[in-house]
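This report concerns only the one structure given below.
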Amino acid sequence: MILYPAIDLKDGQAVRLVHGDMDSATVFNDDPAAQARAFVEAGCTWLHLVDLNGAFAGAPINAAPVEAILKACPVPAQLGGGIRDMATIEMWLDKGLERVILGTVAVENPDLVREAARAFPGHVAVGIDARGGKVATKGWANETDVDATDLAKSFEDAGVAAIIYTDINRDGAMGGPNINATEALARAVSIPVIASGGVSSVQDLRALKATNIIAGAISGRALYDGAIDLAAALDVLNS
């Protein structure tokens, strides 16, 4: 199981939110590239990046720090937030991003997801962010009636590389991930599922790994706060 350290970008800084609330941002590092290098030096093999401003604006806002991270770090990175057309997808992949994460457009323009997955095999993931099992879009500001599992199943034949499932009510709250919902989603589709939201201890990682079906886990605040020691976590996941 892969651990993806999260670098959430707001106004050029690495921050963490609670429940996706932009007004609750805590700045952890004003040099995101340095933070990324620290994660890589500790042994991580992937990075998870989010352009928070971009998620609300619908277009890349934190491009400069993302590019700095891509230049500074030799490991693959995935990015979500404000990626809503083919031109932006192509732009990021051309700059060396390994995987784009399509969230809002997965609900509003699923044909774009299919087109991108066909054009760039292995480089397109779907981000499914949910409250109470229902998908939220546009930086989690817009609630929908779309069921998270139904949305995931609709891309079963699209060729997407992964589904990143975030339980919004767990995100940034350090209360543990929604393992049952994430495992149920992973068992409902053949697409690899990555858990996000509330991963706050090595025990959480052990529990996710023990499902034998969840492909990865994203953690942010717990790594910054020291609740998860990255080296120890990697030892657990690689054992």
Side-chain angles (χ1 to χ4, degrees), residues 1-6 8 20 45-51 55 76-84 89 92-93 97-140 142 144-171 177-199 204-205 207-209 211-220 237:
M1 194 175 91
I2 297 171
L3 177 61
Y4 297 76
D8 289 1
T45 58
W46 269 87
L47 293 168
H48 174 79
L49 314 177
V50 181
D51 181 349
Q78 60 186 21
L79 170 70
I83 305 174
R84 297 182 192 169
I89 293 167
W92 279 125
L93 295 178
L97 190 74
E98 180 64 22
R99 189 186 287 164
V100 295
I101 303 166
L102 305 180
T104 294
V105 294
V107 176
E108 298 183 351
N109 186 7
D111 287 343
L112 175 66
V113 176
R114 296 174 182 278
E115 179 186 358
R118 283 194 304 269
F120 306 107
H123 297 289
V124 176
V126 170
I128 297 180
D129 308 325
R131 284 191 185 94
K134 299 298 183 181
V135 177
T137 60
K138 294 181 174 146
W140 303 348
N142 183 53
T144 76
D145 293 325
V146 178
D147 180 81
T149 302
D150 289 346
L151 182 61
K153 287 180 176 179
S154 74
F155 294 112
E156 190 73 279
D157 61 348
V160 299
I163 288 172
I164 294 154
Y165 176 71
T166 303
D167 186 310
I168 297 168
N169 289 332
R170 305 292 183 108
D171 189 72
N178 191 333
I179 294 173
N180 291 340
T182 309
E183 180 181 1
L185 180 66
R187 296 193 183 283
V189 295
S190 62
I191 306 164
V193 171
I194 299 168
S196 175
V199 179
D204 289 340
L205 294 170
L208 289 166
K209 185 182 179 186
T211 65
N212 292 317
I213 189 74
I214 295 169
I218 294 166
S219 185
L237 296 184

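These figures come from a predicted structure and were not determined experimentally. We number each residue from 1, following the sequence as shown.
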Measuring only between side-chain heavy atoms, which start at C-beta, is [X] closer than 4.5 Å to [Y]?
{"X": "P5", "Y": "H48", "answer": "no"}
{"X": "N109", "Y": "T104", "answer": "no"}
{"X": "L237", "Y": "K209", "answer": "yes"}
{"X": "E115", "Y": "V124", "answer": "no"}
{"X": "I191", "Y": "V193", "answer": "no"}

Task: Full working for side chain to side chain contact (heavy atoms under 4.5 Å, CB included) between I179 and T211 - done: CA-CA 9 Å; I179 294 173; T211 65; 4.1 Å; yes
Open item on the list: Has S219 got a side-chain atom pairing as donor or acceptor with V199's backbone, closer than 3.5 angstrom?
Closed with: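 Indeed, once roles are kept as given, a pair shorter than 3.5 Å links the two residues.
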TODO: Dump the intermediate steps for side chain to side chain contact (heavy atoms under 4.5 Å, CB included) on V135 and D147, then the final yes or no.
DONE: CA-CA 6 Å; V135 177; D147 180 81; over 6 Å; no
Which heavy-atom pair separates [X] from [Y] by the least distance, and what is that distance?
{"X": "G220", "Y": "A6", "result": "CA-CB, 4.0 Å"}
{"X": "L97", "Y": "R99", "result": "CD2-O, 3.3 Å"}
{"X": "A188", "Y": "E156", "result": "O-OE2, 4.0 Å"}
{"X": "I194", "Y": "A217", "result": "CG2-N, 3.9 Å"}

Open item on the list: Suppose we screen for side chain to side chain contact (heavy atoms under 4.5 Å, CB included). Which residues come up paired with A158, at least two apart in sequence or across chains?
Closed with: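 A158 satisfies side chain to side chain contact (heavy atoms under 4.5 Å, CB included) with R114, F155, V160 once adjacent residues are dropped.
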Open item on the list: For Y4, give me all partners under ring pair (Phe, Tyr, Trp, His ring centres under 6.0 Å), at least two apart in sequence or on another chain.
Closed with: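 Result, ring pair (Phe, Tyr, Trp, His ring centres under 6.0 Å) vs Y4: W46.
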TODO: For residues 180-195, pull every pair meeting salt bridge (Lys or Arg N to Asp or Glu O under 4.0 Å), keeping only residues two or more places apart or in separate chains.
DONE: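 Every salt bridge (Lys or Arg N to Asp or Glu O under 4.0 Å) pair that includes a residue of residues 180-195, provided the two are not neighbours, is E183-R187.
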Open item on the list: Assess, by modelled atom type and distance only, whether the side chains of T166 and S196 contain a donor and an acceptor separated by less than 3.5 Å.
Closed with: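 Side chains of T166 and S196: pair found under 3.5 Å.
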TODO: Go through the steps to decide whether I83 and I89 satisfy the test side chain to side chain contact (heavy atoms under 4.5 Å, CB included), and finish with yes or no.
DONE: CA-CA 6 Å; I83 305 174; I89 293 167; 3.6 Å; yes
